[in-house]
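For reference, the structure is listed below as structure tokens.
For reference, positions follow the sequence shown, starting with 1.
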Amino acid sequence: MSSTETANKMKIALLKYPKRAAMQAQLKKIPPGQVKVQINNATKMVSSQQTILEASIKDFQERIPYNCRAGICGACEALWQGKRVKTCYTPVQDGMRIVTLDKEMEMWRQGTADE
């Protein structure tokens, strides 16, 4: 195991629980309600008090890979407004349009396929 891998494992081990608790506290401050979210090609109304990752699993049955669930490792990244966001640490917002990296790669492959 490289020193970078060791450092990342230590960082996740030390920070994941406090960061998860901070995210849960942040989510509780959001007023309860429903927001409209699009993940890949599906659009649904979801609870406002959850992260993109939670909504993708619970409401969309869309699998986004994850590891730490604390915004540390970056395994759960997806695209929102052309930028990569950590879905485990980003609350859903009304009008969000998320493209998972799997879907982005699928669209790229279709665009470059030989006909």
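- Residues Ser48 and Pro31 approach most closely at OG-O, 2.8 Å, considering heavy atoms.
- Pairs of residues two or more places apart, or lying in two chains, that qualify as side chain to side chain donor-acceptor pair (under 3.5 Å) and include a residue from residues 60-72 are Asn40-Glu62.
- Between the OG atom of Ser47 and the CD atom of Glu54 there is a distance of 9.0 Å, given to the nearest 0.5 Å.
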Which pairs would a plain distance check flag for residues 87-97, meaning a side-chain donor or acceptor within less than 3.5 Å of a matching protein atom at least two apart in sequence or in another chain?
from, atom 1, to, atom 2, distance (Å)
Thr87, OG1, Cys76, O, 2.8
Thr90, OG1, Lys86, O, 2.7
Asp94, OD1, Lys36, N, 2.8
Arg97, NE, Gln38, OE1, 3.1

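- Under the 4.5 Å side-chain heavy-atom criterion for Ile, Leu, Val, Met, Phe, Trp and Tyr, Phe60 and Ile64 are members of distinct hydrophobic clusters.
- A distance of 4.5 Å separates CD1 of Ile72 from CG of Leu15, quoted to the nearest 0.5 Å.
- The hydrophobic cluster analysis finds Met45 isolated: no Ile, Leu, Val, Met, Phe, Trp or Tyr side chain comes under 4.5 Å of it, directly or through other members.
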Q: Assess whether side-chain contact (heavy atoms from CB on, under 4.5 Å) is satisfied between Asp59 and Gln50, documenting all intermediate values.
A: CA-CA 11 Å; Asp59 299 314; Gln50 61 185 342; 2.9 Å; yes
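- Distance NZ/Lys9 to SG/Cys73: 12.0 Å, rounded to 0.5 Å.
- Each of Val99 and Leu53 belongs to its own hydrophobic cluster when Ile, Leu, Val, Met, Phe, Trp and Tyr are linked at side-chain heavy-atom distances under 4.5 angstrom.
- Heavy atoms only, all atoms of each residue included: Lys28 and Gln49 are closest at O-NE2, 3.6 Å.
- The hydrophobic cluster containing Ile57 does not contain Leu79, counting ILVMFWY residues as joined when their side-chain heavy atoms lie under 4.5 angstrom apart, directly or transitively.
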Show which side-chain atoms of residues 17-27 pair as donor or acceptor with protein atoms under 3.5 Å away, not counting sequence neighbours.
from, atom 1, to, atom 2, distance (Å)
Arg20, NE, Cys68, O, 3.1
Arg20, NH2, Cys68, O, 2.7

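- In this structure, the side chains of Lys44 and Val37 stay at 4.5 Å or more apart for every pair of heavy atoms.
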